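Okay, structure first, notes after.
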Amino acid sequence: GKKEAGTDLRDVVFVIQSQRNSFHVRQAEKLRKDLLLQTQALQEYKMSLKLLIMQNVFFSFSLSSQFGNNSSWIMFLEEDTRVKLQKLHEVLKTFDRRKEWFLGKPLHDEESTIIHHYAFSENPAAFQYPDFSAGWALSIPLVNRLTSKIEEEPLKSDFTIDLKHEVALYIWEDGKGPRLTGVPELCTIPEHNPRAQYCATTVSSQSPLCGQPVKSDNIFIAVKTCKKFHSDRVLVVKKTWGKQASLLEYYSDYADPSIPTINLGVPNTERGHCGKTFAILRRFLSSHVPNTDWLLIVDDDTLISLPRLQALLSCYDFSEPVCLGERYGYGLGQGGYSYITGGGGMVFSREAVVQLLASGCKCYSNDAPDDMVLGMCLNALRVPVTHSPLFHQARPEDYAKEFLAHQTPISFHKHWNIDPIAVFNKWLKNDKHTEGLQKSTKDEL
């Protein structure tokens with residue numbers, strides 16, 4: 001009976017989570033080719049690799065369950081996950097594939113956090129969810145049950161904020177479903193780390209750099225502020241990342257020449273800022289500002305590393321409509337839309353702004369939520385919203401330590417209960433990283 005429970009690698013369906021932007025299509029393709037090469041090398045397993053490249057996790061459940069009868073596992077990978085197939089095969093063999101399994105590298109919250117709707121506030125560390133970068137796997141019996149569950153009751157939550165946490169909650173189903181089983185061989189250490197020899201997965205840990213970083217005078221930066229924050233928040237921008245900006249304007253409800261701020265004629269709203277953001281988009285295309293390829297819109301309490309953003313933007317083609325930042329979703333279970341959340345920073349290529357304004361898309365009111373209205377407009381235009389986990393809508397303490405440990409963040413947001421200058425200095429200031437990065441890229445060439 002032992003043979004029964006084992007897993008042949010051809011029993012694994014690999015799903016590469018990707019995105020519709022050309023850079024991400026290339027990244028996913030590289031990973032696919034790498035897996036195929038490894039398959040050829042492991043001829044004795046007679047593997048036929050089943051590979052899907054997917055944009056939506058929940059759709060891939062039902063898709064992959066079509067392979068279900070002759071597969072045992074679905075393994076989800078991010079574009080920057082690196083897999084050692086033989087090692088993965090050895091790990092999966094140790095689990096009885098006839099049972100329901102949810103395998104991954106566990107993360108947990110240190111304190112209850114807004115990005116998880118304060119779930120498990122009594123004991124936030126009690127609930128574990130997978131770090132998607134390390135890859136995660138579901139056994140087919142679990143996939144089949146989830147597929148029928150999704151057909152019967154679509155996702156309840158209106159908002160998708162942190163998919164890995166929401167997927168784990170959905171699978172756990174208040175205790176009716178399995179909890180995440182931690183697998184030490186699913187790793188998020190860099191592939192070249194000596195400790196990685198024990199790992200079945202690793203993370204290609206370099207921050208993206210695809211050539212020369214975009215020059216700082218090719219990014220126009222719009223900071224949204226209002227009179228009551230001129231003296232504190234604007235000051236923080238000037239003391240921290242504002243120094244690194246070549247082209248930056250502050251937009252307020254009050255023109256204060258000492259900063260200087262610009263009044264776009266849109267009254268300040270307590271929330272939403274849609275009117276102000278659309279006024280910024282129009283100004284970006286006007287003769288009032290230099291012609292640049294990229295627009296970055298941030299809040300006055302956003303903390304950001306411009307050098308890291310310049311490196312990241314080298315991977316994107318400004319002649320495409322690009323909208324980049326931390327992606328949230330609204331009503332995705334019921335054909336909703338994705339949007340870039342404003343506080344983490346919203347990046348637009350000039351082409352995206354041209355298409356947005358040409359579409360005639362407008363705010364339904366000045367205080368409509370700007371990021372969501374933009375998401376609706378982009379969805380109608382079929383312009384993809386590109387997610388980067390390096391932008392953050394919340395503070396460093398709102399994320400799992402282990403998750404931040406393997407990334408070089410680009411932004412954080414909010415000054416609540418923290419010293420923003422200290423946070424900037426600790427998380428975003430040091431750019432030795434980008435120097436080391438160029439060196440390692442050269443080594444590979």
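This one's a predicted model, so the numbers in the text were calculated from it and none came from an experiment. Each residue takes its place number in the sequence, starting with 1. Computed over heavy atoms, backbone and side chain alike; hydrogens, waters and symmetry mates excluded.
A salt bridge is defined here as a Lys NZ or Arg NE, NH1 or NH2 lying under 4.0 Å from an Asp or Glu carboxylate O, and R26 with E29 fails to meet this definition.
No donor-acceptor distance shorter than 3.5 angstrom exists from the side chain of S411 to the backbone of I304, with no hydrogens or angles considered. When atom types are taken as modelled, the side chain of H392 and the backbone of P389 share a donor-acceptor pair closer than 3.5 angstrom. Remark: the backbone N or O of T225 is not paired with any side-chain donor or acceptor of R233 at under 3.5 angstrom.
For K238, the NZ atom is densely surrounded, since the number of other residues' heavy atoms within 6.0 Å is greater than 12.
Each of D299, D300, L264 was checked for a side chain to side chain contact (heavy atoms under 4.5 Å, CB included) with K224, and the lone residue meeting it is D299.
Side-chain contact of H24 with T386: a donor-acceptor pair under 3.5 Å is absent, judged by distance alone. Using modelled atom types and a 3.5 Å distance limit, the side chains of E326 and H413 yield no donor-acceptor pair. Defined by atom type and a distance below 3.5 Å, a donor-acceptor pair is present between the side-chain atoms of D109 and Y129. Residues H387 and Y328 bring no donor and acceptor atom of their side chains to less than 3.5 Å of each other. Residues S18 and E79 have side chains that bring a donor and an acceptor to within less than 3.5 angstrom of each other. With 3.5 Å as the limit, one finds no donor-acceptor pair spanning the side chains of H415 and D232.
The OG atom of S133 lies 11.5 Å from the CD atom of E402; values are rounded to the nearest 0.5 Å. Put simply, OH on Y250 and CG on D256 are 11.5 Å apart, with the number rounded to the nearest 0.5 Å.
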Under 3.5 Å, which donor-acceptor pairs do the side chains of residues 215-222 form with other protein atoms, sequence neighbours left out?
from	atom 1	to	atom 2	distance (Å)
S216	OG	S246	OG	2.3
N218	OD1	D293	N	2.7
N218	ND2	D293	OD2	2.8

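Judged by the 6.0 Å and 45° rule, R350 forms no cation-pi pair with F318.
Note on ring orientation: taking the six-membered ring where Trp is involved, the planes of F127 and H165 are perpendicular (angle over 60°, cut-offs 30° and 60°).
Note: W294 and Y316 fail the aromatic proximity criterion, with ring centroids not under 6.0 Å apart.
Side-chain contact between S204 and E191 is present, with at least one heavy-atom pair separated by less than 4.5 Å.
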